[in-house]
Number of protein chains: 4
Amino acid sequence: MRILDETKRLVSMASTRQTIGPPPASRRSERARRAILEAADDLLVENGFANLTIEAIAARAGVGKQTIYRWWPSKAAVLMDALGEDLVEHLTPADRDGVEAALREHLGALARFLALSEAGAVYRALVGQAQHDPEMAATFRNEYLQPLRERELAILERGVARGELPTDLDLELALDQLVGPIHHRVLVTGEPAGGEFVDRLVDRFMAGARR
Amino acid sequence: MRILDETKRLVSMASTRQTIGPPPASRRSERARRAILEAADDLLVENGFANLTIEAIAARAGVGKQTIYRWWPSKAAVLMDALGEDLVEHLTPADRDGVEAALREHLGALARFLALSEAGAVYRALVGQAQHDPEMAATFRNEYLQPLRERELAILERGVARGELPTDLDLELALDQLVGPIHHRVLVTGEPAGGEFVDRLVDRFMAGARR
Amino acid sequence: MRILDETKRLVSMASTRQTIGPPPASRRSERARRAILEAADDLLVENGFANLTIEAIAARAGVGKQTIYRWWPSKAAVLMDALGEDLVEHLTPADRDGVEAALREHLGALARFLALSEAGAVYRALVGQAQHDPEMAATFRNEYLQPLRERELAILERGVARGELPTDLDLELALDQLVGPIHHRVLVTGEPAGGEFVDRLVDRFMAGARR
Amino acid sequence: MRILDETKRLVSMASTRQTIGPPPASRRSERARRAILEAADDLLVENGFANLTIEAIAARAGVGKQTIYRWWPSKAAVLMDALGEDLVEHLTPADRDGVEAALREHLGALARFLALSEAGAVYRALVGQAQHDPEMAATFRNEYLQPLRERELAILERGVARGELPTDLDLELALDQLVGPIHHRVLVTGEPAGGEFVDRLVDRFMAGARR
DNA sequence: TCTTAAGCGAGACGGTACGTCCGGTCTTGAA
DNA sequence: TTCAAGACCGGACGTACCGTCTCGCTTAAGA
């Protein structure tokens with residue numbers, strides 16, 4: 001977590017508050033909020049998810065436990081906020097070049113993000129937690145995965161619009177074929193998903209798409 | 001966990017004992033071992049991983065906690081043993097028909113296993129836990145995923161041998177393209193990976209493979 | 001334990017806290033403290049020391065175990081606090097009459113306290129525990145036995161002051177001669193130490209003292 | 001524990017076996033029996049009663065736990081057997097000299113035994129345990145304290161027979177007056193009960209007895 | 001002399017309690 | 001009101017022992 005601007009703050013709060021009405025937030029300590037998110041981020045990277053406790057976050061952040069419970073419903077919610085804009089920063093594909101180049105760039109960035117970045121460690125922890133906690137899984141998908149997926153679909157849509165991809169292409173399926181193997185390597189087999197892997201993935205996809 | 005024959009027992013013990021030398025195990029209570037694995041399985045399905053505790057397993061199995069700690073190093077190790085032969089039972093592709101039919105059948109079974117079966121719930125919990133615990137992840141991959149992957153590679157190898165797939169096909173990549181999207185749907189997006197999805201996945205794969 | 005006034009509370013806290021500096025204690029729950037001491041007292045009388053566990057005390061008191069461990073270093077320390085003022089209540093000799101009457105009264109009260117009262121059961125358990133735990137023994141002697149002994153010595157000193165006892169009397173030895181046999185009967189031989197026994201003890205003591 | 005002859009062995013077994021019929025005992029391993037008693041004795045002196053466990057005794061003695069449970073009903077019973085003849089060895093007053101000398105000698109031996117000897121440590125542990133376990137207390141008194149007390153009474157009886165003590169002396173009370181203060185110092189106050197203390201105790205007793 | 005049944009070392013078993021950690025709630029006093 | 005601090009009740013953790021139970025083995029008795 002590196003940049004936490006006001007926009008993001010309002011978004012994240014809206015999604016993680018349990019009560020309906022928005023919190024007053026006027027009184028909320030910005031200092032405490034940032035310290036908590038940074039402490040969570042740091043502790044996850046240093047000690048792993050298993051040793052990430054609310055008490056440790058509070059202690060590291062120099063904050064009372066209640067201040068965490070007041071604003072986030074769970075440890076996972078803190079991490080989601082800590083992940084924050086990182087998904088947007090790392091994974092917003094540029095609208096240039098052709099589909100093929102755009103896919104190579106974006107999927108390469110995705111693979112690097114997932115496997116190498118600190119934010120990727122947070123992401124993996126959240127996916128792991130989502131396997132144990134259906135409610136948290138729903139929030140994570142709606143707030144973080146869905147927007148990303150829409151940006152990814154836009155790459156393909158632009159390809160169709162430019163005539164680089166057939167109009168009858170099943171975009172959802174196509175995206176799963178591109179993005180699925182990368183996730184599979186990172187989350188399941190643990191094998192490296194480097195540039196060469198991504199390149200051949202795109203090669204085969206484009207060959208199949210062009211028929 | 002449904003069948004716990006002697007073969008499985010010896011396999012699982014070899015994998016979960018921390019010391020190198022094989023345990024005497026002659027003294028080990030088979031009754032307790034089965035009760036523990038069944039209790040873990042049942043409790044996971046009933047209450048989810050988050051509420052699965054060693055204490056609850058012991059209580060449900062009518063067993064002392066020490067009996068669990070004596071033979072398994074962690075909750076995840078118990079679940080791995082509980083998963084046991086299920087991966088083999090559900091996911092051993094038959095050696096018949098052509099590649100295409102074999103893939104349809106196996107990937108369909110995989111999708112159903114992951115999303116619908118009780119053993120699939122154990123599998124998902126283990127993948128989730130693996131995101132938080134690198135050591136456990138390594139064991140899980142070596143003991144459970146690797147054998148499965150080899151059986152899957154054999155499908156493709158048979159296809160190559162029969163001339164149904166090109167000889168220069170990158171089998172690892174091909175497998176990731178087939179298996180990755182299914183895992184992605186189940187573990188990440190949570191969208192259904194039904195028969196139609198699998199069929200179109202195979203359609204596009206075979207189209208691309210045949211050029 | 002019947003009365004737990006503020007004085008006793010401050011005394012007991014001072015003696016059972018392991019760190020030097022006084023605890024803030026302002027945050028401490030008086031309700032929990034009293035419930036714990038009463039539960040310990042009751043359980044000792046009902047089940048005996050052997051069956052007195054921290055867990056049972058916590059359960060009976062409706063308190064978390066940690067609340068006990070936070071304020072007392074051991075089961076024996078809880079019992080010492082539960083004994084508390086009882087030693088003062090039962091065993092503070094009045095400053096009236098002559099030595100002989102005072103001794104008869106006080107030693108009778110001592111024998112009844114040790115053998116018959118509920119607080120006496122706590123006292124015996126603590127003496128028993130002191131045989132196994134030298135550190136606890138030291139605390140018990142300093143905090144509880146020493147003040148009592150001083151009150152007992154005062155009886156004899158008053159006797160000397162009034163000319164009822166010789167000035168060259170070894171008061172420590174004299175006290176051991178009076179108090180030792182009673183303890184011996186209660187703690188070692190288990191024989192009754194009734195009024196007649198105490199009376200003859202005093203008879204012989206006074207006869208010897210007057211030469 | 002130093003000498004464990006056959007007489008003692010039969011006595012101790014008779015008193016500690018829970019079942020009515022005597023055990024065959026012919027099969028009993030003398031090696032194991034001695035190793036257990038020595039291990040118990042050593043561990044008590046080294047680690048104190050609190051850390052004396054059946055498992056530790058068995059491990060130290062190189063013996064299975066069952067071998068202990070087969071022959072003794074409790075840890076205290078093992079210790080009683082380990083104490084064994086020591087009471088007789090240390091505390092059998094000789095039948096010579098006058099009462100006064102005999103008392104000085106015996107009470108001095110008693111004080112040294114209680115406070116200084118290894119067997120005294122066992123004795124104190126047993127008295128401590130007796131405060132928590134009435135059944136064990138009864139056995140201890142019957143088997144060990146009563147015979148000692150009778151030997152002690154014999155000293156006084158000889159004094160009466162020789163005309164050194166008045167015939168109307170209450171021997172039980174007299175004995176408590178002599179032996180009680182020593183126990184009190186060792187078990188309760190923890191103050192030293194050295195030779196001078198014993199001497200003055202006897203002085204005062206003889207003065208009172210002669211009137 | 002040869003069973004054969006016991007005692008034996010070993011240690012797994014079902015349990016109970018230990019003392020610790022942390023979750024999530026509540027309370028206090030300062031800002 | 002929020003905040004830092006931290007006590008509170010609850011509950012799971014992983015460990016230590018309890019007392020019981022089997023397992024092979026050794027070993028002394030009597031058939």
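By convention in this document, chain letters (A, B, ...) are assigned in the order of the sequence lines, proteins followed by strands, and residues within each chain are numbered from 1.
For the pair A:Arg33 and A:Trp71, the NZ or CZ position fails the cation-pi test of under 6.0 Å to the six-membered ring centre and within 45 degrees of the ring normal.
Atom-to-atom, CD of A:Glu30 to P of F:dT2 comes out at 16 Å; the value is rounded to the nearest Å. Note: CD1 (D:Ile57) to C1' (E:dG9) measures 16 Å, nearest angstrom. Here the P atom of nucleotide E:dT20 and the CD1 atom of C:Ile68 are 13 Å apart, to the nearest Å. Between the P atom of E:dG7 and the CD1 atom of D:Ile36 lies a distance of 13 Å, rounded to the nearest Å. Regarding C:Tyr69, its OH atom lies at a distance of 7 Å from the P atom of E:dT20, rounded to whole Å. Per the geometry, NZ belonging to D:Lys65 stands 19 Å off P belonging to E:dG7, to the nearest Å. Rounded to an integer number of Å, the gap from CZ of C:Arg34 to P of F:dC8 is 15 Å. Residue B:Trp72 contributes atom CH2, which lies 15 Å from atom P of F:dC13 at whole-angstrom precision.
No side-chain donor-acceptor contact under 3.5 Å links B:His132 to the backbone of A:Gly48. Between the side chain of A:Asn51 and the backbone N or O of A:Asn47 there is at least one donor-acceptor pair closer than 3.5 Å. With hydrogens and angles ignored, the 3.5 Å screen pairs a side-chain donor or acceptor of B:Asp133 with a backbone N or O of B:Met136.
Each of B:Arg60, B:Lys65, B:Lys75 was checked for a salt bridge (Lys or Arg N to Asp or Glu O under 4.0 Å) with B:Glu55, and the lone residue meeting it is B:Lys65.
For E:dG14, the OP1/OP2 oxygens have no side-chain nitrogen or oxygen of B:Arg60 closer than 4.0 Å. Phosphate proximity of F:dC8 to C:Arg27: absent, as no side-chain N or O sits under 4.0 Å from OP1 or OP2. OP1 or OP2 of E:dC13 has at least one side-chain nitrogen or oxygen of B:Trp71 nearer than 4.0 Å. Taking only side-chain nitrogens and oxygens, D:Arg33 never comes nearer than 4.0 Å to OP1 or OP2 of E:dC8. Listed pair B:Arg70 / E:dG11 fails the phosphate criterion, with no side-chain N or O lying under 4.0 Å from OP1 or OP2. Remark: A:Ser29 is not in phosphate contact with F:dT2, judged by side-chain N or O atoms under 4.0 Å from OP1 or OP2. Between D:Thr67 and E:dG9 there is a side-chain polar atom (N or O) within less than 4.0 angstrom of OP1 or OP2.
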CA sep, side-chain torsions, deciding dist, call: B:Leu52, B:Leu79, side-chain contact (heavy atoms from CB on, under 4.5 Å): CA-CA 10 Å; B:Leu52 181 67; B:Leu79 280 183; 3.9 Å; yes
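Scanning residues 43-56 of chain D for heavy-atom distances under 4.0 Å to DNA chain E yields an empty list.
Of the candidates E:dG9, F:dA4, F:dC9, the closest approach to any side-chain atom of A:Arg31 belongs to F:dA4. For A:Gln66, the listed nucleotide lying nearest its side chain is E:dC26; candidates were F:dA4, E:dC26, F:dA7.
Residue A:Glu135 qualifies as open at atom CD: its count of foreign heavy atoms under 6.0 Å is 12 or below.
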